[in-house]
2 protein chains.
Amino acid sequence: MKLGQATIKDIARELNVSNSTVSRALKDYPGISDETKKKVKELAEKLNYRPNAVALSLRKSKSFTIGVIIPEVVHFFFSTVISGIEEIAFKNGYNVILCQTNEKLEREKSVLNTMLDNQVDGLLVSYSKETTDFDHFSKLLNLEFPIVFFDRLPEIDNTINVTVNDYQGAYQAVKHLAEQGYKKIVHLAGPNNLAISRKRKDGYIEALRDSGMEIDENLILSCPNGDEKESFDATLKLFEKPETRPDAIFAHHDIVAAGAMMAIKSLGLKIPEDVGVVGYSNWQFSSMIDPPLSTVAQPGSRIGEKATELLLQMIDGKREASAKGENVVLDTELLVRKSSVKI
Amino acid sequence: MKLGQATIKDIARELNVSNSTVSRALKDYPGISDETKKKVKELAEKLNYRPNAVALSLRKSKSFTIGVIIPEVVHFFFSTVISGIEEIAFKNGYNVILCQTNEKLEREKSVLNTMLDNQVDGLLVSYSKETTDFDHFSKLLNLEFPIVFFDRLPEIDNTINVTVNDYQGAYQAVKHLAEQGYKKIVHLAGPNNLAISRKRKDGYIEALRDSGMEIDENLILSCPNGDEKESFDATLKLFEKPETRPDAIFAHHDIVAAGAMMAIKSLGLKIPEDVGVVGYSNWQFSSMIDPPLSTVAQPGSRIGEKATELLLQMIDGKREASAKGENVVLDTELLVRKSSVKI
DNA sequence: TTGTAAGCGTTATCAG
DNA sequence: CTGATAACGCTTACAA
């Protein structure tokens with residue numbers, strides 16, 4: 001080893017005692033004379049001894065390392081999740097090894113293997129968009145290998161999951177708009193094949209119903225790409241005809257909302273006076289645009305924290321691995337800012 | 001081990017050969033009969049044998065793992081760097097273990113030790129804001145341990161670094177403001193112990209000078225925390241007195257710029273007509289705020305990629321560790337948006 | 001062509 | 001109270 005780190009052997013040799021004595025002294029095992037203990041500890045200190053974690057892993061079949069499989073690090077949401085994961089892991093003496101799949105299934109399988117090769121004690125997974133077959137995960141789960149899924153839930157029975165309550169978030173957002181007195185609320189929806197999109201739409205519909213408003217399919221527009229231009233154009237189109245001309249917009253995420261806001265402004269309309277807007281996800285920019293955008297905050301780092309806590313419980317045997325599934329659903333928080341406050 | 005992964009021993013036992021034969025057969029060593037080779041490989045395949053990376057690390061004193069020490073994962077810039085790192089590491093069969101310091105020196109030292117305990121083959125470091133004493137790094141460098149610093153350069157001789165040309169980025173930004181006809185350009189600067197802050201300030205000063213403008217220390221404000229409130233307050237204060245009242249602001253990053261923009265708007269002033277603003281780092285939100293923020297783009301993932309390439313070269317012995325320093329400086333790009341276009 | 005044995009750093013078991 | 005020894009999974013001289 002380049003670093004020439006001192007080992008137990010070095011200490012033992014220098015002190016003319018056996019390796020086991022040193023090992024025991026270092027860990028305050030019973031049955032070591034205070035004198036030996038002292039000598040050993042002093043020398044260890046002096047030599048700056050630190051136990052070799054790799055040797056420990058091999059010996060104990062435990063690496064104190066957890067693997068994180070994530071689609072893309074640069075997604076703001078995922079980066080907050082990672083931050084939460086890292087925080088809890090660190091606090092409990094665990095390391096985090098990180099791999100991104102770039103939304104590719106092949107890559108996902110590959111990094112999964114690498115992590116197993118490295119004897120990770122457990123896995124935190126948000127699978128790729130390409131993943132429709134979950135065998136590579138279920139195989140492990142059948143062997144009681146600890147895995148917690150977050151954000152994206154696999155089609156496997158009895159997994160342990162951490163997600164956000166998308167339905168509730170949408171419901172609150174739309175209810176809020178209704179309470180502000182907006183009468184014709186449009187939904188700029190996400191792609192229908194994603195569960196989160198469907199749940200947000202469901203929340204929207206239910207909130208309208210509970211507010212005594214009609215559900216009009218013409219007021220639900222799909223913005224699958226989720227970029228500004230798409231929603232800019234979609235919004236302009238809405239305002240062309242009187243029958244679809246809305247006085248409020250609930251967008252499936254903040255970028256879509258931002259596009260809508262630009263369109264509204266370009267028509268000379270005022271936000272929130274003429275049109276109210278609420279987004280989703282609390283992107284960093286949303287508090288900085290004009291007017292500041294009301295949005296539904298997803299607790300990214302809490303997702304990471306919670307998922308890690310669950311995983312560590314499984315690893316430490318405080319929780320059955322695959323006994324029965326568990327869904328932890330974290331609450332969203334509606335952040336009411338200027339863009340939706342009419343009153 | 002929970003997974004009950006097959007080992008070389010299992011294969012050897014079942015085939016009635018020795019461990020070494022299996023090991024050699026698996027790696028196509030010369031001097032193994034084709035027949036044995038075939039038998040071994042088939043059984044390995046059948047048992048789904050995968051080498052235990054931990055055992056390999058111990059045996060070879062090489063872990064194929066690199067450690068990344070970073071202030072905060074949620075910084076957009078850092079997340080792009082991580083992404084670049086992960087990409088190159090993966091491509092070369094290396095794992096990435098990730099720790100964030102949250103800008104705390106204590107934490108930095110702690111994670112550094114953890115990584116060394118885990119026998120990482122090398123380190124990619126962007127140190128914390130609190131770090132002014134670099135002993136914990138120089139000690140390692142003296143032992144020829146491979147480290148590449150990125151973004152924030154330590155005050156150590158002969159290190160290998162990857163940065164962005166912060167001076168140039170700042171220079172371009174301020175020159176641009178001057179060319180737009182702004183006359184009194186304030187700099188909201190970062191903490192002075194970071195080289196990047198100092199370089200951005202130098203670029204600012206030089207650009208002013210080259211534009212024939214006075215350097216006024218009262219027009220350089222420190223915003224060390226880098227959050228919105230800080231710069232909001234600082235900006236308000238600037239506008240209180242006529243002698244510090246600016247007509248343009250160059251902020252050391254986009255969040256600081258965003259805070260300044262809010263302050264400017266709150267005073268009823270117009271951007272870019274009354275006050276021009278340029279930020280730094282091209283955060284995701286900067287194109288979406290109103291008006292869109294001009295900013296200096298740093299090639300985050302290229303920094304990560306380059307730093308990782310250099311580190312792997314050092315690890316593989318293709319490059320001297322500490323022979324002599326090397327500075328790779330990547331170019332920034334000025335993105336001119338609405339917030340600074342007066343003409 | 002294959003086997004034996006030592007060793008990477010640590011800990012657990014069994015003796016003394 | 002302390003020491004020998006084996007073992008975790010793998011590689012690699014050295015022997016056969």
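A note on names: the letters A, B, ... follow the listed sequences, proteins ahead of strands, and every chain is numbered from 1. If you're wondering where the values come from, they're calculated on a predicted model, not measured in any experiment.
- Taking the centre of each ring, A:Y127 and A:F134 come in below the 6.0 Å mark.
- Following rounding to the nearest Å, A:K27 (NZ) and C:dT10 (P) show an atom-to-atom distance of 10 Å.
- Closest to the A:R24 side chain, of the nucleotides C:dT10, D:dG9, D:dT2, is D:dT2.
- Side-chain atoms of A:S23 stay outside donor-acceptor range of the base of C:dA12, with no qualifying N/O pair under 3.5 Å.
- Checked against D:dG3, D:dT12, D:dC10, the side chain of A:T21 finds its nearest nucleotide in D:dG3.
- Heavy atoms of A:V54 sit nowhere under 4.0 angstrom from any nucleic acid atom.
- Spacing between atom CZ of B:R13 and atom P of C:dT2 amounts to 20 Å, rounded to whole angstrom units.
- Taking 3.5 Å as the limit, the base of C:dT2 and the side chain of B:S33 contain no donor-acceptor pair of atoms between them.
- Nucleotide D:dC10 holds its C1' atom 16 Å from the CZ atom of B:R50, rounded to whole Å.
- If B:N16 and A:A6 are placed on DNA chain C by their nearest nucleotide, the residue sitting closer to the 5' end is B:N16.
- Counting to the nearest Å, the C1' atom of D:dC10 and the CG atom of B:N52 are 8 Å from each other.
- A sub-4.0 Å separation between OP1 or OP2 of C:dT13 and a side-chain N or O of A:Y29 is absent.
- D:dT2 atom P lies 14 Å from atom CG of A:L26, rounded to whole Å.
- The nearest whole Å value for the distance from the NZ atom in A:K39 to the P atom in D:dC1 is 14 Å.
- Counting any heavy atom pair closer than 4.0 Å across all strands shown, B:T7 reaches sugar-phosphate atoms only and no base atom.
- Using a cut-off of 4.0 Å between Lys/Arg side-chain N and Asp/Glu carboxylate O, B:D28 and B:K41 are scored as salt-bridged.
- Atom CZ of B:R302 has 12 or fewer heavy atoms from other residues, nucleotides or ligands within 6.0 Å.
- Residue order along DNA chain D, read from the 5' end via each residue's closest nucleotide, puts A:D34 first among A:S20 and A:D34.
- The CD1-P distance, from B:I8 to C:dC8, rounds to 19 Å in whole Å.
- Side-chain proximity of B:T36 to C:dT10, C:dT2, C:dG3: nearest is C:dT2.
- OP1 or OP2 of C:dC8 sits under 4.0 Å from a side-chain N or O of A:K9.
- A salt bridge does not link A:R50 to A:E45: none of the charged nitrogens lies less than 4.0 Å from a carboxylate oxygen.
- In this structure, the nucleotide among D:dC10, C:dT10, D:dG3 sitting nearest to the side chain of A:L56 is C:dT10.
- In this structure, A:N19 atom CG and D:dT5 atom P are separated by 12 Å, rounded to whole Å.
- Ring planes of B:Y94 and B:F64: tilted class, angle from 30 to 60°.
- With C:dA12, D:dG9, D:dT2 as the choices, the nucleotide that has an atom nearest any side-chain atom of B:A55 turns out to be D:dG9.
- Here the side chains of A:S301 and A:E305 are in contact, with some heavy-atom distance below 4.5 Å.
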